[in-house]
Amino acid sequence: MARRSEGNGIDALRRLMSGADRILAFTGAGISTESGIPDFRSPGGIWSRMAPITYQEFVASEESRLEDWRRRFVMNADFARAEPNAGHRALAMLLDEGRDVAVVTQNIDGLHARSGIPADRLVELHGNATHGRCLDCGRRMELGEARALIEAERRCPRCPACGGLVKAAVVSFGQAMPEAEMARAVRFAERSDLVLAIGSSLVVHPAATIPLLAREAGADLVIVNREPTPLDDVASLVLRRSIGEIFTELFPGLAAQ
Ligand code: NAD
Ligand code: ZN
């Protein structure tokens, strides 16, 4: 059962964090909304404006592929303009202080890396939108090259090595999860003694199984989300408030940065 804390929950969070040896932060789109990047499911979120393009649609139709690329370029411009916020910076600060912290994210915006989480402490489960990849042979293509090919040929870029379709290196709905990244996430989950699930609706599987795995391996689970989630009942602590508010209250120094 959730141990709902007295007051605003910050003291309970502080106690859990200072007692933990190995912290796993599992983050979703909610950690980036205060950087100005809309999430999927909140009011005004991406889904209230357009349906996602599934992997199957991308593979089946040239029109869907071009639309997918068009959206990628718009989104990437938003990502580039955004800055990491107090939530991202709090996690990077803990690492800087020598705490054992790993971040497993569902996000594709690159803000955890930009806040200073090194690659060996970061798992981007759904990839990131900073480059493209051939769906057949896995060859990488930079976005500038993809854009030039789209403009010249008015079709989705083809791989120069094998002719396969090139898609942004993110996991689309209906696409298989990358096995190596999933395995790294499972390892971090199994060794952590505290998991902070921050700004994830915890409904997208298999990604949402990561915090659950940590919980089952004996870790305390803390959920930070302004809305209820399906895992609230098995959490040690649920903080139903804004992520930025919680982390600036926890680490007042962050507000000044
Ligand atoms: P989601 O949109 O389903 O859920 C976001 C959750 O965060 C919601 O439950 C919402 O209540 C909560 N939330 C939003 N802002 C908050 C705030 N400031 N404080 C507290 N809670 C807040 O996102 P998801 O669960 O991460 O899964 C959807 C998928 O969407 C992911 O797989 C991800 O790849 C993709 N996505 C990524 C980005 C990004 O990279 N920034 C943006 C949109 C979608
Ligand atoms: Zn190829």
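Count residues from 1 along the sequence. Both ligands and their constituent atoms are indexed starting at 1 by order of listing. Hydrogens, waters and symmetry mates play no part in the numbers below; they use all other heavy atoms, side chains included.
Of all the listed residues (Gly199, Ala197, Gly28), Gly199 holds the heavy atom that lies closest to atom 7 (O) of ligand 1. Evaluated by nearest non-hydrogen atom to atom 9 (O) of ligand 1, the leading choice among Thr229, Asn225, Leu125 is Asn225. Closest heavy-atom approach to atom 30 (O) of ligand 1 among the candidates Phe40, Phe173, Phe247: Phe40.
Side chains of Met182 and Ile210 form a contact here, defined as non-hydrogen atoms less than 4.5 Å apart. Using a 4.5 Å heavy-atom threshold, the side chains of Pro118 and Leu95 count as touching. In this structure, Val224 and Leu196 have side chains that are not in contact, with every pair of non-hydrogen atoms separated by 4.5 Å or more. In this structure, the side chains of Val238 and Thr229 stay at 4.5 Å or more apart for every pair of heavy atoms.
At a threshold of 4.0 Å, the pair Arg155-Glu153 counts as salt-bridged, since one of the basic side-chain nitrogens sits closer than that to a carboxylate oxygen. With salt bridges taken as basic N to acidic carboxylate O contacts below 4.0 Å, one links Asp68 and Arg72.
Side-chain N or O atoms of Gln56 include one that pairs as donor or acceptor with a backbone N or O of Gly174 at under 3.5 Å. Arg158 places a side-chain N or O within donor-acceptor distance of the main-chain N or O of Cys156, the cut-off being under 3.5 Å.
The side chain of Glu34, and not its backbone, has at least one atom closer than 4.0 Å to an atom of ligand 1 (non-hydrogen atoms only; side chain from C-beta on). Contacts between Pro38 and ligand 1, counted as non-hydrogen atom pairs separated by less than 4.0 Å, involve the backbone only. The parts of Arg226 lying near ligand 1 are both backbone and side chain, judged by heavy-atom distances below 4.0 Å. Only the side chain of Thr33 comes within 4.0 Å of ligand 1, judged by heavy-atom distances.
Listed by chain and residue number, nothing satisfies the ring-ring contact (aromatic ring centres under 6.0 Å, His included) test with Phe251 (two or more places apart in sequence, or in another chain).
Taking the six-membered ring where the residue is Trp, His112 and His88 present perpendicular rings, their angle passing 60° and hence far from 30°.
The Zn ion (ligand 2) has Cys134 SG, Cys137 SG, Cys159 SG, Cys162 SG as its protein N, O or S neighbours under 2.8 Å.
Each of the atoms 2 (O), 23 (O), 24 (P), 26 (O), 38 (C), 42 (C), 43 (C), 44 (C) of ligand 1 lies under 4.0 Å from some heavy atom of Ala29. Counting the atoms of ligand 1 from 1 in the order shown, those under 4.0 Å from a heavy atom of Ile37 are 41 (N).
Within a 6.0 Å sphere centred on CD of Glu63, other residues, nucleotides and ligands contribute 12 heavy atoms or fewer.
At least one heavy atom of Arg241 sits less than 4.0 Å from an atom of ligand 1.
Distances between N or O atoms of Ser242 and those of ligand 1 include no value under 3.5 Å.
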